[in-house]
Structure formats: C-alpha cells, structure tokens
Amino acid sequence: MTAPLADLRVVDVSSVVAGPACARYLADFGADVVKVERPDGGDTARALGWGDPRDGVTLWWKLLGRGKRTIALDLKDSDDLAVMLRLCDDADVLVENFRPGTLERLGLGPDVLLARNPRLVITRVTGFGQDGPYASRPGFATIAEAMSGFAAINGEPEGGPLLPPIALTDEVTGLVAAFATMVALHSGVGQVVDVNLLESLFQLMGPLIAAQQMLGYEQPRMGSGIPYSVPRGTYQCADGEWVAVSTSAESVAGRVMALVGVEGDARFASFAGRVEHRDELDDIVRAWIAARSSADVLAAFDAAQAAIAPVMTMSDIGADPHYRARGAIVEVDGVTMQGLVARLSATPGRIRWAGRPLDADGDAIRAGGF
C-alpha cells in the first residue's frame with residue numbers, strides 16, 4: 001500500500017531534536033527524507049545520550065534518523081553547496097534549524113531557494129522565531145521552558161521552579177513543525193514556515209495568559225494539582241506504589257466522593273466547593289488511598305468507574321500489553337522505540353529503518369539526487 005506522503009521529498013538539514021523530529025514524522029508516513037549532516041561527526045544527536053551497545057551510536061540518533069537517507073555535506077564548500085542546491089531544487093520541503101541569518105549567509109536563503117523552486121516549503125525551527133527582540137539568541141529547550149511560563153508553575157508549592165526531565169519542548173516543537181509544514185504544503189504555495197521553541201510550548205499554557213491579563217490570576221506551583229479540579233494528583237498506596245487520580249468530570253468526582261465516604265458533604269458537592277476546600281479533600285483522599293494496597297485502590301476506583309491509573313515506569317511500559325497491542329512500542333533494526341504517532345486506517349505509515357551511518361547514502365545522492 002502506498003504511504004500517504006510517498007510523493008513528498010524532504011531535505012532535512014536540521015540537527016539535535018526539534019527539526020529532525022519534524023522530518024522524522026514526515027518520513028514515518030512515507031516522505032523521502034534526505035538528511036544532510038556535517039562531515040565532521042554528523043548530527044549532534046549521534047553523540048547525545050545512551051549508546052547502542054552493538055555499535056555505540058546513540059539511541060537518540062536511531063530514533064530521530066529513522067526512515068531517512070543520509071549524506072554528509074560541508075555547506076561552506078562550493079561543490080557540496082551545489083549538491084545541496086540541487087536537492088532543494090527537487091524538494092518539496094526543506095527543514096532547517098540554524099540561528100536566523102545563517103541560511104542566508106550560506107547562500108541558501110529563502111529568496112535564493114524560492115527563486116529556484118517556487119513551490120518549496122522552507123520550515124525554519126529556532127528558539128525565538130525569525131524576528132523579534134530575541135531572534136538572535138541561541139535556541140535551547142531549557143530557555144523556552146523557563147520563558148514560556150512552564151517552569152514557573154511546575155514543582156511543589158514549597159519548592160523552586162522545575163524544568164521537565166525530558167526533551168519536552170523539542171518534541172512538542174517537532175510535532176508543531178510537522179503540522180505547520182503540512183498546512184503550508186496544503187496551501188500549494190511555496191513559503192517560509194516560522195516555528196520556534198518558545199511559542200510552541202507557550203501554546204500548551206492554555207488560558208493562563210488570559211487568566212492573568214483579564215483576572216490578575218498567576219498560577220502558583222501546585223505539585224501534581226491543577227487549580228480548577230480537586231482531587232487531582234498522585235497518591236501513594238499502602239504498598240508504596242503510586243497512583244494518579246483525576247476528577248475533571250463532575251460525574252466522576254461524585255463517584256470518587258462516594259468512594260472515599262464524603263458523598264453528602266456540602267463542601268465537596270461542586271467544583272467550586274472542592275477547589276475552596278482543596279487541602280481538606282486532598283487529605284481525605286490521600287488517607288483513603290494510603291490505607292489500601294495499590295491493587296485494592298485500582299480495583300475500587302475501576303468498580304466505581306472513576307479515573308485512576310498506576311504511575312508507570314519505562315519498565316512497566318515495556319511489559320504493558322496495551323502498548324504492544326497498539327504498536328506504540330516497536331522494534332526497528334533491533335532498537336526499541338515508539339511506533340507511529342497516529343494510525344491511519346486506509347493509508348498507514350511505516351517505519352522503514354533506524355538512523356543510518358553517516359553519509360550512508362551519500363554516493364547515490366550525489367550521483368542522482370532524490
């Protein structure tokens with residue numbers, strides 16, 4: 001079956017996570033992605049994090065490079081630059097994440113590329129965007145997490161602001177960039193797509209900017225809590241295991257109140273009441289869960305049709321039957337990784353291979369382009 005993006009040609013000259021993740025999503029659904037890397041070591045992701053014990057190449061690269069062909073080009077060399085230009089002439093998409101102005105200095109600015117290939121979509125991924133007072137600053141996820149409002153509200157009430165322990169912003173930005181690229185392609189007009197780390201994560205803040213600007217509300221750090229629904233958080237069971245509870249639907253909240261024995265308490269009869277008496281209700285739920293084993297807690301919540309889940313580690317996830325049944329975990333060239341981000345019933349995607357060696361396809365691409 002033909003993959004939905006099989007007719008799409010993509011040049012990926014980005015590095016590390018956000019830009020390459022964008023191109024990886026396109027490759028997953030059939031796009032022919034040519035990954036352009038520096039000759040002196042290639043993409044930074046090749047040396048980032050844990051190595052595959054078989055060859056020492058990092059697991060980050062095996063994931064981010066999956067489904068892509070690879071060529072090593074020195075874009076400051078005239079011959080290699082000519083190869084890059086030929087690739088862009090034949091491409092539908094260019095993904096890059098240089099600091100603003102770098103592409104132009106290399107002779108690959110949008111004015112040059114669009115004059116040669118008017119239908120090209122140029123997806124530019126940066127820290128702060130192509131313009132604005134911060135445009136020239138280096139783009140790192142940590143900086144976006146600090147400046148987007150995320151770190152300020154993340155953490156325990158008595159503690160300091162926390163950054164996420166994963167590449168959250170990079171991964172979110174990769175999805176945003178893939179979406180925006182497809183929107184631009186759908187327009188049928190060659191153009192520049194300006195995506196950045198800061199605004200991608202800021203989108204996840206929901207109505208918090210409206211609440212601050214219109215109501216003067218500044219969300220504090222609340223641990224696992226949220227300001228508009230109680231109880232919501234993680235709770236430890238008698239056997240030391242943790243569970244996560246949500247009551248963001250009124251019907252579910254009512255069933256949880258009945259389960260923990262406060263069904264008739266007027267303080268907890270509405271969202272507003274539960275929020276007003278947050279500490280008292282959280283103490284009741286915490287004590288109820290702490291007195292029971294995780295198996296008993298999960299069974300009781302399930303019987304009450306209330307929202308609960310065990311807090312799962314990667315070990316738990318690796319053994320979980322639902323993940324495997326859904327194809328959310330797959331083996332690609334002997335490497336365990338996430339499956340496709342979405343399932344299409346008529347034109348599914350397919351992961352063709354894990355990240356390949358540096359310049360693995362260089363000779364063929366130099367000789368024949370795409």
Can you confirm whether more than 12 heavy atoms, excluding those of [X], are under 6.0 Å from its [atom1] atom?
| X | atom1 | answer |
| --- | --- | --- |
| Tyr217 | OH | yes |
| Tyr323 | OH | no |
| Glu263 | CD | no |
| Gln203 | CD | no |

(request) Just jot down the salt bridge (charged side-chain N to carboxylate O under 4.0 Å, His left out) partners of Arg366, sequence neighbours excluded, or say none. (result) Asp359, Asp363
Is there a side-chain contact between [X] and [Y], using heavy atoms and a 4.5 Å cut-off?
| X | Y | answer |
| --- | --- | --- |
| Asp90 | Val11 | no |
| Asp282 | Tyr235 | yes |
| Thr123 | Gln191 | no |
| Cys237 | Ser293 | no |
| Ser248 | Arg232 | no |
| Tyr25 | Met182 | no |
| Glu276 | Phe271 | no |
| Val195 | Phe179 | no |

[X] side, atom [atom1]; [Y] side, atom [atom2] - distance, nearest 0.5 Å:
| X | Y | atom1 | atom2 | value |
| --- | --- | --- | --- | --- |
| Asp320 | Ile329 | CG | CD1 | 7.5 Å |
| Phe301 | Ile308 | CZ | CD1 | 4.5 Å |
| Asp194 | Thr126 | CG | OG1 | 5.5 Å |
| Cys88 | Arg116 | SG | CZ | 8.5 Å |
| Met257 | Glu250 | CE | CD | 9.0 Å |
| Leu63 | Thr336 | CG | OG1 | 11.5 Å |

Are [X] and [Y] close enough for a salt bridge, meaning some N to O gap below 4.0 Å?
| X | Y | result |
| --- | --- | --- |
| Arg9 | Asp32 | no |
| Asp283 | Arg286 | yes |
| Glu104 | Arg99 | no |

For a quick test of reading the model, state the closest non-hydrogen atom pair linking [X] to [Y] and the distance between them.
| X | Y | value |
| --- | --- | --- |
| Ser229 | Val275 | N-CG2, 4.1 Å |
| Gly362 | Ile71 | CA-CG1, 3.7 Å |
| Thr181 | Cys22 | OG1-SG, 3.9 Å |
| Ala72 | Pro39 | CB-CA, 3.9 Å |
| Val335 | Leu59 | CG1-CD2, 4.1 Å |
| Ser270 | Gly273 | OG-N, 3.0 Å |

(request) Can you sort out the partners of Asp92 under side-chain hydrogen bond (donor to acceptor under 3.5 Å, both in side chains), two or more places apart, ordered by chain and number? (result)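 Checked Asp92 against side-chain hydrogen bond (donor to acceptor under 3.5 Å, both in side chains); matches are Arg119.
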[X] side chain vs [Y] backbone, donor-acceptor pair below 3.5 Å:
| X | Y | answer |
| --- | --- | --- |
| Arg326 | Pro321 | no |
| Glu96 | Phe98 | yes |
| Thr234 | Val243 | no |
| Asp12 | Val34 | no |
| Arg221 | Ala152 | yes |
| Arg24 | Gly65 | no |
| Asp80 | Asp74 | yes |
| Gln236 | Gly240 | yes |
| Arg274 | Phe268 | yes |
| Gln219 | Ile153 | no |

(message) Hydrogens and angles aside, do Ser294 and Asp239 bring a side-chain donor and acceptor to less than 3.5 Å of each other?
(response) yes
(request) Using only heavy-atom distances, determine whether the side chains of Thr102 and Arg105 contain a donor-acceptor pair under 3.5 Å. (result) yes
(request) Show the numbers, then the answer: is there a side chain to side chain contact (heavy atoms under 4.5 Å, CB included) between Asn97 and Ser15? (result) CA-CA 7 Å; Asn97 65 348; Ser15 61; 3.8 Å; yes
(message) Let's go through Lys62 and Glu331 carefully: what are the C-alpha distance in whole Å and the side-chain angles of both, what is the deciding distance for salt bridge (Lys or Arg N to Asp or Glu O under 4.0 Å) to 0.1 Å, and is it a yes or a no?
(response) CA-CA 11 Å; Lys62 297 293 180 79; Glu331 304 291 332; over 6 Å; no
May I have the list of side-chain donor-acceptor pairs in residues 162-175 shorter than 3.5 Å, sequence neighbours left out?
| from | atom 1 | to | atom 2 | distance (Å) |
| --- | --- | --- | --- | --- |
| Thr169 | OG1 | Glu145 | OE2 | 2.8 |
| Thr173 | OG1 | Thr169 | O | 2.7 |

Should [X] and [Y] be regarded as members of a common hydrophobic cluster, given that ILVMFWY residues are connected when their side-chain heavy atoms come within less than 4.5 Å of each other, either directly or indirectly?
| X | Y | answer |
| --- | --- | --- |
| Val193 | Val10 | yes |
| Leu87 | Ile122 | yes |
| Val33 | Trp353 | no |

(request) Before giving the answer on salt bridge (Lys or Arg N to Asp or Glu O under 4.0 Å), spell out for Asp28 and Arg66 the whole-Å C-alpha distance, their side-chain angles and the decisive distance to 0.1 Å. (result) CA-CA 8 Å; Asp28 283 352; Arg66 77 187 192 189; 2.6 Å; yes
(request) Only counting residues at least two apart or in another chain, list the ones meeting side chain to side chain contact (heavy atoms under 4.5 Å, CB included) with Ser251. (result) Ala249, Arg255
(message) Under 6.0 Å from the ring centre and within 45 degrees of the ring axis: does the NZ or CZ of Arg292 meet both conditions for the six-membered ring of Trp288?
(response) yes
(message) Checking one residue: Ile226. Which other hydrophobic residues are in its cluster under the side-chain 4.5 Å linking rule?
(response)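 Joined to Ile226, directly or through intermediates: Tyr228.
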(request) Give me the other members of the hydrophobic cluster that Tyr134 sits in, counting Ile, Leu, Val, Met, Phe, Trp and Tyr linked by side-chain heavy atoms under 4.5 Å, directly or via other members. (result)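 Traced through the cluster, Tyr134 reaches Phe128, Phe140, Ile143, Met147, Leu198.
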(message) Pair Val341, Phe29 - check side chain to side chain contact (heavy atoms under 4.5 Å, CB included), show working.
(response) CA-CA 10 Å; Val341 71; Phe29 289 94; 4.2 Å; yes
(message) What verdict does the side chain to side chain contact (heavy atoms under 4.5 Å, CB included) test give for Leu281 and Arg267, after you've listed the backbone C-alpha separation in whole Å, the side-chain angles of each residue and the deciding distance to 0.1 Å?
(response) CA-CA 9 Å; Leu281 181 53; Arg267 294 175 299 170; over 6 Å; no
(message) Between Asn196 and Val125, does the side chain to side chain contact (heavy atoms under 4.5 Å, CB included) criterion hold? Intermediate values first, please.
(response) CA-CA 5 Å; Asn196 67 80; Val125 182; over 6 Å; no
